[in-house]
Participant: 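Please see the structure below; I have some questions.
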Amino acid sequence: MPILTTGSKRGFTLLELMVVMAIMALLCGVVMGSMGATLEEARLRSGARTALAALRYARSVAVSQRIPSEVTFDTQRRAIGVQVQNTADDGTTQWRALTTSAGKTRILPVGVEITSVRTSAGQESATPGAASDEQTGPAVTFTPLGQSVDACITLRNAKGHQLYLIMDAVTGRGEITDKEP
C-alpha cells in the first residue's frame, strides 16, 4: 500500500506552545486577582446571613416556646449565639445557650467582624431588648411576643466594606442592607 506525503508536517512548535501557556498564565493571574475582592464580599454577605438567621431563629424560639430569647454577639471571638431564659425552681432566672443545630454558636467567616450592636436607645449595653453579658458582649433580646428593640448590627470585612442588619422593634424582623441607617 503506497504512503502519500504532502510535503509539510502538522503540529505546533515548542515556541508556539510556550506563548500560549504564557498568555493563559497571565489571564489566570488577572482572574484570580479580581476574584479576591469578590470572595471578600461573599464572606461578608455570608456572615450577615448567618447573623440574620440567628436573629430569626431566636425570635421563632421566643414565640413558639413563649420564653424570652436572645442573640449574643461576641465581638472578640467573632461569634453569634442564641440563648433562652430559664427559670429555676427557686425563681431565679438564667440564660442557657441553645445547642440545637440551628441555635448553636456560629463563628463568622474569616475576615468578617462585628463592629457594633446599636439599639434604639443608642447604646451597646443593657437596655430593654438588648442585654450585655461580660463573657459574650452585647445581645438583642426577643420577648415571647416576638418583639425586640430597634437595633442595628454592623458587620465589616477586611477590605472595610460594611453591611447592616436592621431590626424592627414592633415586628422583631430584620433585614440586611448596605446603606447606613
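Just so it is clear, the values below take in all heavy atoms, side chains as well, and ignore hydrogens, waters and symmetry mates.
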Participant: Rounded to the nearest 0.5 Å, what's the gap from OG on S101 to CG on L98? Could you check?
Facilitator: 10.5 Å
Participant: Report yes if the side chains of F12 and V20 come closer than 4.5 Å at any heavy-atom pair, otherwise no.
Facilitator: no
Participant: Taking everything shown except E16 itself, do over 12 heavy atoms lie less than 6.0 Å from its CD?
Facilitator: yes
Participant: Give me each pair satisfying side-chain hydrogen bond (donor to acceptor under 3.5 Å, both in side chains) with a member in residues 58-67, each pair once, sequence neighbours excluded.
Facilitator: none
Participant: Quick one: OG1 on T50 to CG on L165, what's the gap to the nearest 0.5 Å?
Facilitator: 10.0 Å
Participant: Taking all atoms of both residues into account, what is the closest heavy-atom pair of G172 and F142, and its distance?
Facilitator: O-CE2, 3.5 Å
Participant: Using a cut-off of 6.0 Å, state whether more than 12 heavy atoms not belonging to D90 lie near its atom CG.
Facilitator: yes
Participant: Checking the side chain of R77 only, and the main-chain atoms of I107 only, is there a donor and an acceptor separated by less than 3.5 Å?
Facilitator: no
Participant: Locate the shortest heavy-atom distance separating I80 from A51; write the atom from each residue and the value.
Facilitator: CD1-CB, 3.5 Å
Participant: Please confirm whether the backbone N or O of Q94 pairs with a side-chain atom of N86, one donor and one acceptor, at under 3.5 Å?
Facilitator: no
Participant: If hydrophobic clusters are built by linking Ile, Leu, Val, Met, Phe, Trp and Tyr wherever their side-chain heavy atoms come under 4.5 Å apart, do V63 and V140 end up in the same one?
Facilitator: no
Participant: To the nearest 0.5 Å, tell me how far R78 CZ sits from L155 CG.
Facilitator: 11.0 Å
Participant: Against P109, only a single residue in E40, R45, R43 fulfils side chain to side chain contact (heavy atoms under 4.5 Å, CB included); can you say which?
Facilitator: R43
Participant: Between I166 and V112, is there a shared hydrophobic cluster once you connect ILVMFWY residues whose side-chain heavy atoms come closer than 4.5 Å?
Facilitator: no
Participant: Using a strict threshold of under 4.0 Å (side-chain N to carboxylate O), is an ion pair present between E113 and R156?
Facilitator: yes
Participant: Can you tell me if CZ on R106 sees more than 12 non-hydrogen neighbours from other groups inside 6.0 Å?
Facilitator: yes
Participant: Roughly how far, to the nearest 0.5 Å, is CD of Q85 from CD1 of I67?
Facilitator: 8.0 Å
Participant: List the atom of F73, the atom of A139, and the distance in Å for their closest heavy-atom pair.
Facilitator: CD1-CA, 4.3 Å
Participant: Could I get the full list of side chain to side chain contact (heavy atoms under 4.5 Å, CB included) partners for D178, not counting sequence neighbours?
Facilitator: L163
Participant: To the nearest 0.5 Å, what is the distance between CZ on R56 and CE on M167?
Facilitator: 9.0 Å
Participant: What is the minimum heavy-atom distance between A62 and T143, and which atoms define it?
Facilitator: CB-O, 3.3 Å
Participant: Please name the residue in the list V71, T105, T72 that meets the side chain to side chain contact (heavy atoms under 4.5 Å, CB included) test with Q83.
Facilitator: T72
Participant: For the atom pair CG (L55) and CG (L52), what is the distance rounded to the nearest 0.5 Å?
Facilitator: 6.0 Å
Participant: With a 3.5 Å distance limit and no angle check, can you tell me whether T154 reaches the backbone of Y164 through a side-chain donor-acceptor pair?
Facilitator: no
Participant: K159 and L44: side chain to side chain contact (heavy atoms under 4.5 Å, CB included), yes or no, with the steps?
Facilitator: CA-CA 10 Å; K159 301 277 186 190; L44 180 60; over 6 Å; no
Participant: Verify, without hydrogens or angle tests, whether T177 (side chain) and K179 (backbone) share a donor-acceptor contact under 3.5 angstrom.
Facilitator: yes
